[in-house]
Structure formats: structure tokens, C-alpha cells
Protein chains: 2
Amino acid sequence: MVLDAAERVIARDGNGASLESIAVEAGVTKPVVYARVGSRAELSNALAARLAERLIAAAGAEVGSTSRFDRITLAAFFRSSLETIGAHRELFLYVTRGASDDTPERTLYLAGRSAGPLADLLTRWRTRRGDDVAVAVPWAYAIIGMLNLVSLWWIDEHDRPADVLADQLAELVWSGLAAGSHR
Amino acid sequence: MVLDAAERVIARDGNGASLESIAVEAGVTKPVVYARVGSRAELSNALAARLAERLIAAAGAEVGSTSRFDRITLAAFFRSSLETIGAHRELFLYVTRGASDDTPERTLYLAGRSAGPLADLLTRWRTRRGDDVAVAVPWAYAIIGMLNLVSLWWIDEHDRPADVLADQLAELVWSGLAAGSHR
DNA sequence: AGGCCATACTTACCGCGGGTAAGTTCTGCG
DNA sequence: CGCAGAACTTACCCGCGGTAAGTATGGCCT
């Protein structure tokens, strides 16, 4: 699979990953990569989709298992996301701050892939509680964006443990999430 | 000033802004740009610094005027940031999702420029209230990151008014910020 | 079995953009 | 008047994404 090769060379070379190096890592040549996966932008999109899938899967394993949604679950969501991102540092960097001109779309696409399910979850949860639901989408993007930048910062020097950081993030937003119409 | 020319051409051409087009807009040639401002990465950095300065200035005008710090102030901070970003759409896109390989550093640099003062503010505020202060830095990054992605999403299709969105963001984090040690 | 077509790959190339080396004009000063 | 040096321009290199044209491989029909 070309995408696996791409991930390997990105993990190795960081953002300097060229189509050509990916091609040789995959054991083929450039036009083949182009034929299989399309342009560089589509490659980045595909990688972004995969990473998003992994994030969602990891989060789902935490959140989906319990039917409840509480502060602990939220912190677990953050922790699993942080750890997944930390396990794919270079890929995360490549995908979020990758090259190319298409980047606004891709960043939004990647974010949307995570924010969508989160927004659904929030919508269901707040509907059940009889709370206002219009905030679900912006809040989902807010939480994902928070996670994005904090991950970047966390990756790039500070080595506090993931679970501590996750708990701090949960502390920041939990009260807001939980505060209902009964303000 | 070369940077002004750069902003003009970015506002016009979006991310397709090449050094050459910036040079002709500035009325000079490429090596001159290179001599004055350094590499493309440094150009992006300088632009990022300027945008951060504007954001901080706008935020300071809102937050710094009142000595208090409450939900209203927080919402005003979000609103002014959103509006500043909205007024510099293309520049914001260029700077956050710009080209090049240096991007992790630059993104962090830009974010840090905003997150730093915010972290200071949070630290002072929570010190005065006798609350834990270790969360100030991660929270500052969290809030800036939130703002980043929400801005991207907001710019790119949804036209709800800035003040509504700002209020929703404030609602999300205010309780968390305000919740003290007396959990 | 032998020739033919399609598919799939490779080699070779183009264009563009960042970066730079070498040449050229302009300015001030002896 | 001539010279030194700074500042700018022209002309170029290189690397990368993208593609066109050529080449091998494998099946299929006669």
C-alpha cells in the first residue's frame, strides 16, 4: 500500500517527504503513485482521513464503551487523542501543517472528520438533557481545535504526562459543556 | 515596506503568493526581498508576528481596558479576535496553513505570541483568586487553538455573526475558567 | 503456437518557485 | 575626473510536483 509507505517515509523524514521518496519507499516510481493516489493533495487528504479514523477509533473505544458522558469520559477522550497524536507525531505535523495550497480545505476536512462525530455526540447528549443544541457544532470544532494546538505544543517540547494534560483540558471545558439551560 | 506589499499580494492571490509576485508588488526584484527580509520562512514569520501583534492589540483594547475579567470580557476577547481574523482572512490562512517546511515552529510561534499574554493574564487573575496556576499555560494554548480552528471553520462557510459565535465560545470555557479550587 | 491489444510501468521531460552568483548601475569621495 | 563600494538586476541552478511519450508483460483470439 502506498499510504503505508508514505507514513513510513514521513515518520522518517518529517515534512521533507517528497513524492519521489515515497515512491521509492513503496518500491515503485512517481507516476505510479500519482496513478494510484492522485495528486499530492489527495495523498495528504488520504493520510489525514486515516489519522482521523484512528483518532475516532481510539476515542470511540473510550467514549463509546460507556453510555454515560461525564468528566472522566471527557478526560479519557482527551488522553486517548493526545496519545494517538503523540504516537504519530510526524504524521500529525505533516497532515495539519503540511505543504501545498489546498491546506485550508484539508485542515477543515481533517478537523471535520473528528468534529462531526463529536458534534453528533454532543447533540444527542444535550437533546437528552433538554439543552440548547445549536452550540454543538461550534463547540465540537472548538474542542478539536483546542486539541490540535495543545497537541502541537505538547509534542514540541513539554513532556508533562498525557493524562495530566488531558485532565486539565477536561477541567477547562467540562463545566461549560455540562451547564444546561438552567444557567 | 516589503511586508505591506506581501500582505497586499496575499490578500489578492491567497496562498499562491510567490516571492516574485511580492517583489514586483513592492516594486523591487527577488534578491532585494531576500536581502531585506531573508528567506520565505522568515517572511512568513514576520507576517505571523504582525498578525499576532494586531490580535493582541485588539484583544488588549477589549480586555485591558477593564480591570475585571468576567464572562462579558471573555466574549469580547473572542469577538475582537474573530473580527480581526475575519478582516485578514487570507493573511490568517497564509500564516496558519502557509507553505514551507518550517511550519510547526511558525505555527507555535504565532500561537505562542497570543497564548503568552493570555497565559500571563490567566496567571495573574488566578493568583489573585488563590487558584491553581499550573493550568494557565495549557489553558492559554487551548483557548488560542480553539480560536484558530473555529476561525478557520467560521471563515470558510458559516456566516453566523461574530458576536453570537464569540458568546458560544465564552459559554464553553467560562465556567471552567472561573471554577476555582473550591471545586 | 504465434501475433495483437491492453494494461501497467518506466524513463525522460516540462514548468514553476525558492534561492543565489555574477554582472551592472549609481552614489559619494578623494 | 576617476575610483570604490553599495545596491540592484539579470541570469542562472536546483528540487519538486506533474505529465507525456515510450516500453515491457500477460492474456486472448485465431
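The figures here come from the full heavy-atom set of this structure, side chains too, leaving out hydrogens, waters and symmetry mates. In what follows, every chain begins at residue 1, and chains take the letters A, B, ... in the order their sequences are listed.
Regarding B:K30, its NZ atom lies at a distance of 13 Å from the P atom of C:dC16, rounded to whole Å. Between the CD1 atom of A:I22 and the P atom of D:dC16 there is a distance of 12 Å, given to the nearest Å. In this structure, the CD atom of B:E20 is 12 Å from the C1' atom of D:dA11, given to the nearest Å. In this structure, B:L43 places its CG atom 10 Å from P of C:dG19, rounding to the nearest Å. The distance between atom CG of A:N15 and atom P of D:dG17, rounded to the nearest whole Å, is 12 Å.
For B:S39, the listed nucleotide lying nearest its side chain is C:dG19; candidates were D:dG18, D:dC8, C:dG19. The nucleotide whose nearest atom lies closest to any side-chain atom of A:S18 is, among C:dC9, D:dC16, D:dT10, D:dC16. The side chain of B:V28 has D:dT9 as its nearest neighbour among C:dT10, C:dG19, D:dT9. Closest to the side chain of B:P31, out of D:dT10, C:dG18, D:dG18, is D:dT10. Here the nucleotide nearest the side chain of A:R36, chosen from C:dC9, D:dC8, D:dG18, is C:dC9. For A:T29, counting side-chain heavy atoms from C-beta on, the closest listed nucleotide (D:dC8, C:dT11, C:dT20) is C:dT11. Each of D:dT9, C:dG19, C:dT20 was ranked by its minimum atom distance to the side chain of B:Y34; first place goes to C:dT20.
Ring geometry for A:W125 versus A:W174: interplanar angle of 30 to 60°, hence tilted.
Under a 4.0 Å N-O distance rule, the pair B:E25/B:K30 does not qualify as a salt bridge. Salt bridge absent: B:R79 and B:D167 never bring a charged side-chain N and a carboxylate O closer than 4.0 Å.
The side-chain contact (heavy atoms from CB on, under 4.5 Å) test with A:Y141 singles out one residue from B:L152, B:L149, B:L169, and that residue is B:L149.
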